[in-house]
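This structure is a prediction, so every number in the text was calculated from the model and none was measured. Lettering follows sequence order; numbering is per chain, from 1.
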Protein chains: 2
Amino acid sequence: MKKSSATRHTILEKAFEIIYTKGYQTTSIDEIIATTKVTKGAFYYHFKTKDEMGLAIINEILKPTMQNDFIKPLQNAKNPTQEIYDMTKALLLENPLLKLEYGCPAGNLTQEMTPWNAAFGKALSELILEWQQTIENSIKSAKENGTIRENVDPQQVAYFIMSGYWGIRNFGKVYNSTACYHSYLKELKIYLNNLA
Amino acid sequence: MKKSSATRHTILEKAFEIIYTKGYQTTSIDEIIATTKVTKGAFYYHFKTKDEMGLAIINEILKPTMQNDFIKPLQNAKNPTQEIYDMTKALLLENPLLKLEYGCPAGNLTQEMTPWNAAFGKALSELILEWQQTIENSIKSAKENGTIRENVDPQQVAYFIMSGYWGIRNFGKVYNSTACYHSYLKELKIYLNNLA
DNA sequence: TTGTATTCATACTAATTAGTATTTTTTATG
DNA sequence: CATAAAAAATACTAATTAGTATGAATACAA
């Protein structure tokens with residue numbers, strides 16, 4: 001009951017890395033078991049199908065990462081606009097897991113899988129909704145403590161910020177340069193300041 | 001020299017539609033020739049490889065569409081902030097080619113192909129750069145005629161707007177509802193008004 | 001130790017993939 | 001009409017794909 005769950009976890013972690021760089025559908029089981037040095041028998045003992053593994057990646061790898069890097073920085077926020085900016089900057093420029101040329105893992109999966117795989121869509125929308133609500137709540141609390149104007153709509157702002165993050169990640173990919181990140185961050189700061 | 005280029009064009013158009021909904025790599029030549037009712041011999045007469053066809057889609061299908069729906073509305077703009085808003089709204093809610101559940105064709109291709117196919121990356125970055133420069137120019141002209149503040153950075157604003165568009169397209173996909181589009185548009189209007 | 005369930009290993013299958021070789025039909029031009 | 005080139009049709013190949021069938025180790029409780 002110990003070594004077994006370890007192999008399961010290494011499969012998920014390695015598979016996540018490959019999928020993050022290459023996409024879900026173009027990542028083959030054969031490639032996953034080759035890099036993890038796990039046999040096909042072991043793989044299919046832990047996961048009934050490839051999609052079951054994909055969903056496990058969302059729930060057991062992506063979700064905790066999201067929790068740690070996208071949710072926690074905004075909880076108990078004292079100055080939400082500042083913390084949102086800091087988090088975005090950290091995600092774009094400092095996070096060791098996220099790479100310029102590979103975009104946002106959740107964004108990638110959303111774009112690739114959502115239109116034709118309902119199970120992935122559901123798992124991802126739950127993930128994303130959590131982030132959205134965290135941002136909304138931080139805006140609400142900022143309205144209460146007066147650091148943000150009364151007439152600001154938290155949901156609108158959340159969509160605006162999240163969209164911007166996903167979008168600029170795509171720009172990073174296509175231009176393959178952090179220059180657009182810096183440019184984006186400057187404008188984000190102006191936008192956030194205008195909420196006060 | 002006439003019927004031939006017609007079959008070539010139908011291949012590109014049909015292939016584009018399938019790729020838009022399913023992604024490039026999961027769209028097989030067999031599926032393309034089945035839906036276009038063109039034989040494999042004809043396909044490979046017109047395109048040496050699948051990638052050659054993919055690049056032709058970018059240059060011969062995506063580019064003109066981009067020109068028409070993303071560039072033209074901003075040229076000779078008299079009130080850029082208004083026209084940027086109108087264009088975004090039209091793209092999100094009124095464009096008959098773009099579907100809620102399938103996102104932005106250029107964005108999809110960028111995310112899927114850019115990390116590991118340099119030719120696609122180059123073609124797409126050229127496409128996107130054109131849009132970016134059009135937005136920047138419209139901001140510049142608005143600064144000149146005084147409808148936008150002097151201290152606004154056109155490039156930053158361009159990135160911010162384009163990122164938002166790409167990002168909210170992803171949200172439309174995952175939530176599968178135009179509600180987030182409306183919410184986003186409201187906030188976009190506020191953001192654009194703040195540029196004045 | 002022995003037996004039993006868990007975990008993993010090996011060798012396969014059927015379907016799908018991009019691409020090719022070859023032949024046939026169509027088109028344009030003298 | 002004749003003919004050469006362009007355009008398209010047919011039948012294949014070799015590689016890759018997700019998944020399976022079956023057998024072998026391993027762990028662990030009695």
Side-chain angles (χ1 to χ4, degrees), chain A residues 1-58 60 108-109 112-113 115-120 123, chain B residues 1-58 60 108-109 112-113 115-120 123:
Chain A
M1 289 276 192
K2 207 63 192 299
K3 178 133 177 280
S4 160
S5 68
T7 57
R8 181 193 154 92
H9 197 254
T10 51
I11 291 173
L12 288 179
E13 283 202 321
K14 281 281 174 194
F16 165 75
E17 279 174 38
I18 306 174
I19 289 167
Y20 174 40
T21 64
K22 297 197 5 167
Y24 176 81
Q25 307 196 235
T26 47
T27 297
S28 70
I29 311 282
D30 284 336
E31 190 177 352
I32 292 171
I33 66 177
T35 59
T36 55
K37 265 145 193 165
V38 153
T39 61
K40 193 160 272 197
F43 180 94
Y44 278 98
Y45 172 77
H46 288 286
F47 308 102
K48 249 170 78 177
T49 64
K50 187 187 177 185
D51 281 8
E52 189 175 301
M53 180 211 62
L55 292 171
I57 287 178
I58 296 177
E60 296 169 43
N108 294 357
L109 269 181
E112 184 184 0
M113 305 300 287
W116 60 274
N117 189 310
F120 275 70
Chain B
M1 289 279 191
K2 206 62 190 301
K3 178 131 178 282
S4 160
S5 68
T7 57
R8 180 194 154 92
H9 197 253
T10 52
I11 291 173
L12 289 178
E13 282 203 320
K14 280 283 174 194
F16 165 74
E17 279 175 38
I18 307 175
I19 289 167
Y20 174 40
T21 65
K22 299 198 4 170
Y24 177 81
Q25 307 195 238
T26 48
T27 297
S28 70
I29 312 280
D30 284 336
E31 190 177 350
I32 293 171
I33 66 177
T35 61
T36 55
K37 267 145 192 163
V38 152
T39 61
K40 193 159 270 195
F43 181 93
Y44 277 99
Y45 173 77
H46 288 285
F47 308 102
K48 248 170 79 177
T49 63
K50 187 187 177 185
D51 281 8
E52 189 176 299
M53 179 211 63
L55 292 172
I57 287 178
I58 296 177
E60 296 169 43
N108 294 357
L109 269 181
E112 183 183 359
M113 305 301 287
W116 60 275
N117 188 310
F120 275 70

Q: Check this one for me: any side-chain N or O of A:T49 less than 4.0 Å away from OP1 or OP2 of D:dG19?
A: no
Q: Could you tell me the separation between the CD1 atom of A:I33 and the P atom of C:dA11, rounded to a whole number of Å?
A: 13 Å
Q: For A:F43 and C:dT10, give me the distance from atom CZ to atom P, rounded to whole Å.
A: 17 Å
Q: B:T36 and B:I32: which non-hydrogen atoms are nearest, and at how many Å?
A: OG1-O, 2.8 Å
Q: Say whether, by atom type as modelled, one donor and one acceptor occur between the side chain of B:K14 and the main chain of B:K37 under 3.5 angstrom.
A: no
Q: C:dT17 P sits how many Å from B:I32 CD1, rounded?
A: 11 Å
Q: Looking at the side chain of A:Y44, which of C:dC8, D:dA8, D:dG19 is the nearest nucleotide?
A: D:dG19
Q: A:K48 NZ to D:dA21 P: how many Å, rounded?
A: 13 Å
Q: Give a yes or no on whether the backbone of B:Q25 and the side-chain of B:E112 come within a donor-acceptor separation of less than 3.5 Å.
A: yes
Q: For the residue pair A:Y24 / A:D51, report whether a side-chain donor-acceptor contact shorter than 3.5 Å exists.
A: yes
Q: Atom NE2 of B:H46 to atom C1' of C:dG19: distance rounded to whole Å?
A: 17 Å
Q: Given C:dT17, D:dA9, D:dA18, identify the nucleotide with an atom nearest to the side chain of B:S28.
A: C:dT17
Q: Ignoring hydrogens and angles, are the base of C:dG19 and the side chain of B:K40 linked by a donor-acceptor pair under 3.5 Å?
A: yes
Q: Counting side-chain heavy atoms from C-beta on, which of C:dC8, D:dA8, D:dG19 comes nearest to A:Y45?
A: C:dC8
Q: Find the distance A:D30:CG to C:dT17:P and express it as a whole number of Å.
A: 17 Å
Q: For the pair made of CD in A:E52 and P in D:dG19, what is the distance, rounded to whole Å?
A: 10 Å
Q: Strictly distance-based, threshold 3.5 Å: is any side-chain N or O of A:K40 a donor or acceptor partner for the main-chain N or O of A:I29?
A: no
Q: Assign each of A:T26 and B:R8 to its nearest nucleotide of DNA chain D by heavy atoms, then name whichever residue's nucleotide is nearer the 5' end.
A: B:R8
Q: Between B:T39 and A:T27, just flag the one whose closest nucleotide in DNA chain D comes earlier from the 5' side.
A: B:T39
Q: Please report, rounded to the nearest Å, how far the P atom of C:dT17 is from the CG atom of B:D51.
A: 16 Å
